[in-house]
Amino acid sequence: MTPTELKSVVSELGMPAFTAKQIAQWLYVKHVRNIDEMTNLSKPNRERLVEEYEVGLMEPADCQRSKDGTVKYLFPVCCDRVTTNNNNLFVETVYIPDGDRATVCVSCQVGCKMNCLFCQTGKQGWQGNLTAADILNQIYALPESESLTNIVFMGQGEPMDNLDAVLRVCEIMTADWGYQWSPKRITVSSVGIRGKLKRFLDESDCHVAISMHSPIHEQRQQLMPAEKAMPIAETVELLKGYDFTHQRRCSFEYICFGGLNDSPVYGREIAKLLNGLECRVNLIRFHEIPDAHLPSSDEKRMEVLRDYLTHHGIMTTIRASRGQDILAACGLLSTAKIQENNKEIT
């Protein structure tokens with residue numbers, strides 16, 4: 001809830017107006033786990049709150065730990081009841097420690113509508129939008145939450161397809177009444193959705209990461225059906241209307257498929273496409289998934305592509321693969337099997 005919504009709550013319950021600010025501090029600064037911990041509220045007021053409300057924290061149902069230190073959590077979610085009647089829904093959230101950085105990769109939907117050829121989440125289909133509380137809970141209830149330095153919306157789902165909830169979470173994370181994070185600690189990914197991406201760029205100062213994977217329209221459409229509705233060329237043209245020369249950053253995610261999109265020919269097309277846009281490119285290894293007959297690129301080909309782009313003025317890195325042994329790496333998140341098992345039990 002925002003301060004305005006909290007003011008409505010305390011007003012309805014007959015509490016002093018300043019109680020709303022106190023509740024916001026308990027939630028977003030002190031991160032209490034239940035209402036009884038809000039000790040500067042009178043006992044009668046806490047009792048009134050408990051009758052009608054709860055903090056909303058839901059502990060992870062399971063976790064898996066990778067040999068590289070990555071941890072994948074399974075969180076129960078409520079979802080938007082307009083979109084689903086399934087009561088047994090979960091998402092996966094990935095915690096990635098890396099030296100003095102600690103990143104959480106959060107999900108925003110159960111499944112995904114985008115159906116990208118190389119992504120396990122898309123194979124799951126779409127089962128519902130997460131509420132802002134569902135998304136925030138992946139941060140709030142994360143056992144390592146106090147160590148976090150960064151958040152990336154790169155888990156299950158397309159953030160622009162659940163934009164209202166994503167923007168609300170970004171507001172809570174960056175507002176002076178909320179977590180008070182700098183927007184540069186948050187990156188939101190997208191395949192590019194007409195109208196929605198522009199709204200995100202206008203209403204948020206957080207970083208944006210675009211899933212490219214091919215600079216060529218016909219090939220990208222084969223890999224990513226969303227290319228038909230908003231071609232990558234249109235996405236780049238939209239981005240060129242915004243300033244990424246200061247703190248806000250624009251990046252492109254590029255999964256390398258061996259012999260398909262990882263040659264210098266593609267490097268030339270990427271350089272041509274991104275000419276004039278201040279950005280960076282992250283090259284990502286393809287992690288094989290069932291029923292996606294795509295080859296993985298080798299280290300040498302990725303290095304050649306990286307060096308070509310860097311030489312042509314585009315900062316390019318090869319992203320380290322993390323959590324592959326627990327199916328936590330890029331493109332591997334899915335809760336389809338878990339939810340199917342739950343249906344059988346119920």
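All heavy atoms count here, side chains included; hydrogens, waters and symmetry mates do not.
Within the 4.5 Å cutoff, the side chain of Arg285 has heavy atoms near those of the Ile318 side chain. Taking the side chain as every heavy atom from C-beta outward, Val10 and Leu6 never approach each other to under 4.5 Å. Counting heavy atoms from C-beta on, the side chains of Arg168 and Thr131 never come closer than 4.5 Å. With a 4.5 Å cut-off on side-chain heavy atoms, Met1 and Leu27 do not count as touching. Side-chain contact between Val77 and Gln127: absent, with no pair of heavy atoms (C-beta onward) separated by less than 4.5 Å. Between Gln64 and Leu74, every side-chain heavy-atom pair lies at or beyond the 4.5 Å cut-off. Counting heavy atoms from C-beta outward, Pro264 and Leu305 have side chains that stay 4.5 Å or more apart. The shortest distance between side-chain heavy atoms of Leu239 and Phe244 falls below 4.5 Å.
Under the rule for a side chain to side chain contact (heavy atoms under 4.5 Å, CB included), the partners of Pro183 that lie at least two apart in sequence or sit in another chain are Thr174, Asp205, Cys206. With sequence neighbours excluded, the residues that form a ring-ring contact (aromatic ring centres under 6.0 Å, His included) with Phe286 are Phe257. Taking the side chain to side chain contact (heavy atoms under 4.5 Å, CB included) definition, one finds that Lys228 meets it with Gln221, sequence neighbours left out. Taking the ring-ring contact (aromatic ring centres under 6.0 Å, His included) definition, one finds that Trp177 meets it with Tyr28, sequence neighbours left out. Residues satisfying the side chain to side chain contact (heavy atoms under 4.5 Å, CB included) criterion with Arg280, sequence neighbours excluded, are Arg249, Ser251, Met315. Residues that satisfy the salt bridge (Lys or Arg N to Asp or Glu O under 4.0 Å) test with Asp307, not counting sequence neighbours, are absent from this structure. Among residues two or more places apart in sequence or in another chain, the side chain to side chain donor-acceptor pair (under 3.5 Å) test is passed with Ser211 by none. By the side chain to side chain donor-acceptor pair (under 3.5 Å) test, Thr2 pairs with Glu5, sequence neighbours left out. Scanning for side chain to side chain donor-acceptor pair (under 3.5 Å) contacts around Ser190 gives Glu158, with sequence neighbours left out. Residues that satisfy the side chain to side chain donor-acceptor pair (under 3.5 Å) test with Arg306, not counting sequence neighbours, are absent from this structure. Not a single side chain to side chain contact (heavy atoms under 4.5 Å, CB included) links His311 to another residue, sequence neighbours left out.
Distance alone, capped at 3.5 Å, is enough to place a donor-acceptor pair between the Asp298 side chain and the Arg301 backbone. For Arg194 (side chain) and Ala229 (main-chain N/O), a donor-acceptor pair under 3.5 Å exists by modelled atom type. Under the 3.5 Å distance criterion, the side-chain polar atoms of Asp161 are left unmatched by any main-chain donor or acceptor of Cys112. Without hydrogens or angle criteria, Thr149 side chain to Ala102 main chain gives a donor-acceptor distance under 3.5 Å. At distances below 3.5 Å, not a single donor-acceptor pair connects side-chain atoms of Ser107 with backbone N or O atoms of Thr93. A distance-only check finds no donor-acceptor pair linking the side chain of Tyr95 to the backbone of Gly69 [under 3.5 Å]. Listed for the Tyr266 side chain is a donor-acceptor partner under 3.5 Å among the backbone atoms of Leu260. Put simply, the side chain of Gln25 never gets that close to the backbone of Lys30: no donor and acceptor are under 3.5 Å apart. For Asn34 (side chain) and Glu37 (main-chain N/O), a donor-acceptor pair under 3.5 Å exists by modelled atom type. In this structure, Arg220 contributes its side chain and Pro215 its backbone to no donor-acceptor pair below 3.5 Å.
The shortest non-hydrogen separation linking Gly128 to Cys79 is C-SG, 4.1 Å. Closest approach of Cys116 and Val191 over heavy atoms only: SG-CG1, 4.4 Å. Smallest separation of non-hydrogen atoms from Ile232 and Ser214: CG2-O, 4.3 Å. Nearest heavy-atom pair, Glu288 versus Ser296, reported as atom, atom and distance to 0.1 Å: CG-OG, 4.2 Å. The nearest pair of heavy atoms linking Met15 to Asn45 is CE-O, 3.1 Å. Contact detail for Phe200 and Val208: the closest heavy-atom pair is CE2-CB, 4.1 Å.
Taken together through direct or relayed side-chain contacts under 4.5 Å among Ile, Leu, Val, Met, Phe, Trp and Tyr, Ile172 and Val29 form parts of separate hydrophobic clusters. There is a path of hydrophobic side-chain contacts, each under 4.5 Å, that joins Leu57 to Val50. Val32 and Met58 are assigned to two separate hydrophobic clusters, defined by single-linkage of ILVMFWY side chains at heavy-atom distances under 4.5 Å. Residues Val304 and Ile270 do not share a hydrophobic cluster, clusters being chains of Ile/Leu/Val/Met/Phe/Trp/Tyr side chains in contact below 4.5 Å.
Atom CZ of Arg101 sits in a sparse spot, with 12 or fewer heavy atoms from other residues, nucleotides or ligands closer than 6.0 Å. Surrounding CD of Glu59 are more than 12 heavy atoms belonging to other residues, nucleotides or ligands, all under 6.0 Å away.
Lys7 NZ to Thr19 OG1: the interatomic distance, rounded to the nearest 0.5 Å, is 12.0 Å. For the atom pair Asn162 CG and Leu167 CG, the distance stands at 9.5 Å (nearest 0.5 Å). Rounding to the nearest 0.5 Å places OG1 of Thr103 at 6.0 Å from CD1 of Ile96. Rounded to the nearest 0.5 Å, atoms CZ (Arg248) and CG (Asp243) are 9.5 Å apart. If you take CG on Asn150 and NE2 on His207, they are separated by 8.0 Å, rounding to the nearest 0.5 Å. Note that CG of Leu49 and CE of Met38 are 7.0 Å apart. Values are rounded to the nearest 0.5 Å.
Using a 30° and 60° split on the angle between ring planes, Phe75 and Tyr73 fall in the tilted class, from 30° to 60°. Using a 30° and 60° split on the angle between ring planes, His213 and Tyr254 fall in the tilted class, from 30° to 60°.
A salt bridge is defined here as a Lys NZ or Arg NE, NH1 or NH2 lying under 4.0 Å from an Asp or Glu carboxylate O, and Asp262 with Lys300 fails to meet this definition.
Side-chain N/O atoms of Ser321 and His287 include a donor and acceptor closer than 3.5 Å.
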Which side-chain N or O atoms in residues 271-278 pair as donor and acceptor under 3.5 Å with protein atoms at least two apart or in another chain?
none

- Query: Passes side-chain contact (heavy atoms from CB on, under 4.5 Å), Val281 versus Met212? Steps please.
  - Reply: CA-CA 9 Å; Val281 173; Met212 180 191 293; 5.7 Å; no
